[in-house]
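For reference, the structure discussed in these notes is given below.
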Number of protein chains: 2
Amino acid sequence: MTWQRAAVLRVLGGCQDFVSAQELHALLEAAGRGVGLTTVYRALRALAATGRVDVVRDDAGERLYRRRVADGHRHYLMCRCCGRSQPVAAEVVEEWAERVGRDAGFAAVQHTVELTGICALCVPNADEGEPPCRSGPARHGEHRTHSN
Amino acid sequence: MTWQRAAVLRVLGGCQDFVSAQELHALLEAAGRGVGLTTVYRALRALAATGRVDVVRDDAGERLYRRRVADGHRHYLMCRCCGRSQPVAAEVVEEWAERVGRDAGFAAVQHTVELTGICALCVPNADEGEPPCRSGPARHGEHRTHSN
DNA sequence: GATGGACATGGAAGTCGTTTTCAATTAGCC
DNA sequence: GGCTAATTGAAAACGACTTCCATGTCCATC
């Protein structure tokens with residue numbers, strides 16, 4: 001565990017929401033702790049492999065990362081407008097996925113579930129059909145300010 | 001509707017499984033009907049927009065397309081080894097997604113669900129952890145031969 | 001049959017997230 | 001201190017996808 005990986009993990013922990021590798025890199029830069037983009041990617045891949053972060057893909061195919069608070073598999077509901085995300089209970093889906101796979105005779109079944117919408121705070125000023133303007137409208141409560 | 005788009009749609013209809021734009025382009029080339037890659041992408045985007053094909057992203061983030069047989073939203077169970085795919089009943093998930101979104105006060109909720117595994121025919125010779133070798137092991141029943 | 005405009009095509013070049021390469025640096029250990 | 005293995009990171013490569021733009025095609029109108 002190098003200081004670079006520690007920094008990645010710490011900044012990631014300071015984000016309530018999903019961030020991309022590039023955003024994380026910029027955040028580290030802004031925090032005065034320059035870490036190479038390559039290293040950020042490597043750290044995130046390692047963290048994802050060991051299940052310490054959850055990974056999601058946005059509409060553009062970009063990978064977004066979020067530190068996993070509790071153990072186990074999680075799914076999230078994410079706002080397409082402000083990027084705010086929250087874990088949701090998904091036992092139903094877990095069971096469904098397992099049952100469907102079993103019934104079809106499939107082994108080693110994996111599933112990815114991504115839930116997005118426009119959150120209550122964004123609905124007023126959201127022109128539906130808006131691009132996934134994650135870096136756009138100021139994030140409610142300023143999740144993005146990492147003073148540490 | 002030009003002959004290029006018709007060709008794309010026809011070859012796509014000849015594939016039981018999901019194919020990438022690049023694969024489709026190669027198939028068209030092999031069929032003697034050379035269609036520009038750009039046109040393939042455009043045609044697929046248009047077809048996806050009008051709901052005539054379903055789109056999925058593989059592990060690498062590549063988009064895979066499959067002609068939609070019946071109307072309405074569909075989900076698929078896909079073999080990570082041979083690429084074979086089959087639609088699955090997902091009313092449970094539809095309802096779950098809607099309920100979760102509503103409970104959280106989200107509007108315009110969308111969901112993507114992707115189910116993968118190792119199909120019964122692949123299990124014997126599948127070293128779990130294999131890469132998504134879609135073009136790898138000969139596909140059962142030769143789904144990929146498009147003599148038309 | 002000729003004219004002109006709207007639209008589709010497709011090769012080349014560009015974009016962008018991500019991975020690979022490889023020399024330099026650093027961590028861990030005797 | 002010295003050695004080895006792992007890590008770093010800038011630059012280059014990669015690959016899917018999009019944009020650009022010159023060319024081609026369809027089709028109504030003259």
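Proteins come first, then strands; the chains are lettered A, B, ... in the order of their sequence lines, and each starts at number 1. Quick caveat: nothing in here was measured; it's all calculated off a predicted structure.
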Set of side-chain contact (heavy atoms from CB on, under 4.5 Å) partners for A/Ala104, sequence neighbours left out:
A/Phe106, B/Leu77, B/Gln86
With sequence neighbours excluded, tell me which residues meet side-chain contact (heavy atoms from CB on, under 4.5 Å) with B/Ala48.
B/Val53, B/Val55
Sequence neighbours excluded, the answer for salt bridge (Lys or Arg N to Asp or Glu O under 4.0 Å) partners of A/Arg67 is none
Under the salt bridge (Lys or Arg N to Asp or Glu O under 4.0 Å) rule, collect the residues that match up with A/Arg63, sequence neighbours excluded.
none
For B/Tyr76, enumerate each residue passing the ring pair (Phe, Tyr, Trp, His ring centres under 6.0 Å) test, keeping only those at least two apart in sequence or located in another chain.
B/Phe18
Checking B/His75 now: which residues fulfil ring pair (Phe, Tyr, Trp, His ring centres under 6.0 Å) with it, not counting sequence neighbours?
B/His73, B/His111
How close or far is atom [atom2] of [N] from atom [atom1] of [X], stated in whole angstroms?
X: B/Arg57; N: C/dT18; atom1: CZ; atom2: P; result: 11 Å
X: B/Glu29; N: C/dT9; atom1: CD; atom2: P; result: 16 Å
X: A/His25; N: C/dT19; atom1: NE2; atom2: P; result: 15 Å
X: A/Asp59; N: C/dG17; atom1: CG; atom2: P; result: 14 Å
X: A/Gln22; N: C/dT19; atom1: CD; atom2: P; result: 11 Å
X: B/Arg5; N: C/dC7; atom1: CZ; atom2: C1'; result: 10 Å

Chain B vs DNA chain D, heavy-atom contacts under 4.0 Å, first-to-last nucleotide span, 5' to 3', is D/dA16 to D/dT19
Does anything in residues 38-51 of chain B form a side chain to side chain donor-acceptor pair (under 3.5 Å)? List the pairs, not counting sequence neighbours.
B/Gln22-B/Tyr41
Counting only heavy atoms and a strict 4.0 angstrom limit, can you tell me which residues of residues 34-43 of chain B come near DNA chain D?
B/Thr38, B/Tyr41
Whether each nucleotide of nucleotides 23-30 of chain C has a protein heavy atom under 4.0 Å at its base (B), only at its sugar-phosphate (S) or at neither (-) is summarised, 5' to 3', as --------
Indicate whether OP1 or OP2 belonging to C/dG10 is found under 4.0 Å from a side-chain N or O atom of B/Gln4.
yes
For C/dT19, take OP1 and OP2 only and decide whether either is under 4.0 Å from a side-chain N or O of A/Arg63.
yes
B/Thr2: what forms a side-chain hydrogen bond (donor to acceptor under 3.5 Å, both in side chains) with it, not counting sequence neighbours?
B/Gln4
Check whether B/Arg57 reaches the backbone of A/Arg57 with its side chain - one donor and one acceptor, N or O, closer than 3.5 Å.
no
With no hydrogens and no angle check, is any side-chain donor or acceptor of B/Asp17 less than 3.5 Å from a backbone partner on B/Ser85?
yes
Tell me the salt bridge (Lys or Arg N to Asp or Glu O under 4.0 Å) pairs involving residues 89-114 of chain B, sequence neighbours left out?
none
